[in-house]
Amino acid sequence: SGRLKDFIIFLIILWTVWMEVFGLAGWSGSGKTTLLKRLIPVLISKGISLSTIKHAHHTFDIDKPGKDSFEHRLAGASEVLITSKTRWALIHENKASEEPTLESLLKKLSVVDLVLLEGFKKESHKKLEVYRASNGKPLLQQKDPNICGIASDIQLDNQAVPVFDLKDVESIARFIVQSSGLLETL
């Protein structure tokens, strides 16, 4: 019935709100992906279920020319869902639509304890800045009040937020857990 459908939608929205969101922000080449690859197994080992969302500033394609799914999209399908025994993927064509908001993307995920974001540096969620001196770029933290920590390859003194060695994944994971209000299950 309509009431049951409305109640289910309400529960999904409520669960989505309960998911903690934490981002890694930094200039291109700073090591966000490398750090994220190292953080994921550490956080999972602490009993935290997680998903990730990666923002791309350019067009991308996860499909390959010549594959059936690619041909479906080429023929005009708005969405193509590819499935097998081990995984499934939904490819959605934005076509003339605006880029989806982070909020709308979060609603598409299954409920987990933590969603780690890579990119989305202009959004207003808690973030850890990944900083690499060799990039020659300024710190983002100085202009972004949502950055609550920095992971750097050099020592940074007199910062308004905690600074971590980029290689100290355990400390960074602990910081994310604490900053997100999650409890580690040891």
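The structure displayed is predicted, hence computed values, not measured ones.
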Closest contact, heavy atoms only, Asn94 versus Pro100
ND2-CD, 3.6 Å
So which of Ile147, Leu140, Leu156 actually passes side chain to side chain contact (heavy atoms under 4.5 Å, CB included) with Tyr131?
Leu156
How far apart are the C-alpha atoms of Glu20 and His125, what are their side-chain angles, what is the distance that settles it, and do they pass the side-chain contact (heavy atoms from CB on, under 4.5 Å) test?
CA-CA 10 Å; Glu20 295 296 331; His125 55 275; over 6 Å; no
Ser69 and Asp63: side chain to side chain donor-acceptor pair (under 3.5 Å), yes or no, with the steps?
CA-CA 7 Å; Ser69 51; Asp63 215 353; 2.9 Å; yes
When every non-hydrogen atom of Ala151 is compared with those of Leu166, the smallest separation belongs to CB-CD1, 3.7 Å
How far apart are the closest heavy atoms of Trp27 and Pro138, and which atoms are they?
NE1-O, 2.8 Å
Would you sort out whether Lys46 and Leu182 count as a side-chain contact (heavy atoms from CB on, under 4.5 Å), showing the intermediate values?
CA-CA 10 Å; Lys46 296 177 182 306; Leu182 296 169; over 6 Å; no
From CA spacing to verdict: side-chain contact (heavy atoms from CB on, under 4.5 Å), Phe70, Lys64:
CA-CA 6 Å; Phe70 185 90; Lys64 296 178 183 174; 5.8 Å; no
Verify the cluster assignment for Phe120 and Met19: are they in a single hydrophobic cluster under the rule of side-chain heavy atoms below 4.5 Å apart?
yes
Is there a side-chain contact (heavy atoms from CB on, under 4.5 Å) between Gln142 and Glu129? Walk through the geometry before answering.
CA-CA 11 Å; Gln142 296 165 349; Glu129 178 172 357; over 6 Å; no
Is it true that the side chains of Thr33 and Glu118 contain a donor and an acceptor less than 3.5 Å apart?
yes
Examine distances only and state if a side-chain atom of Ser179 and a backbone atom of Ile176 form a donor-acceptor pair shorter than 3.5 Å.
no
Between Leu50 and Leu43 the two heavy atoms that sit nearest each other are CD2-CB, 3.7 Å
Is there a donor-acceptor pair closer than 3.5 Å between any side-chain N or O of Lys32 and the backbone N or O of Gly26?
yes
Hey, which of Lys127, Lys122, Lys121, Lys126 is the one that makes salt bridge (Lys or Arg N to Asp or Glu O under 4.0 Å) with Asp144?
Lys127
Could you tell me which non-hydrogen atom of Ser152 sits nearest to which non-hydrogen atom of Val163, and how far apart they are?
CB-CG1, 4.5 Å
Asp113 side-chain N/O to Ser49 backbone N/O, donor-acceptor pair under 3.5 Å
yes
Sequence neighbours excluded - salt bridge (charged side-chain N to carboxylate O under 4.0 Å, His left out) pairs with any residue from residues 149-161:
Arg132-Asp153
Greater than 12 external heavy atoms within 6.0 Å of Lys54's NZ
yes
Does Thr101 offer a backbone N or O that forms a donor-acceptor pair with the side chain of Ser104 under 3.5 Å?
yes
How close do Ile154 and Ala133 get, counting heavy atoms only, and between which atoms?
CD1-CB, 3.7 Å
In terms of ring plane angle, is the pair Phe164 and Phe175 parallel, tilted or perpendicular, where the classes change at 30° and 60°?
tilted
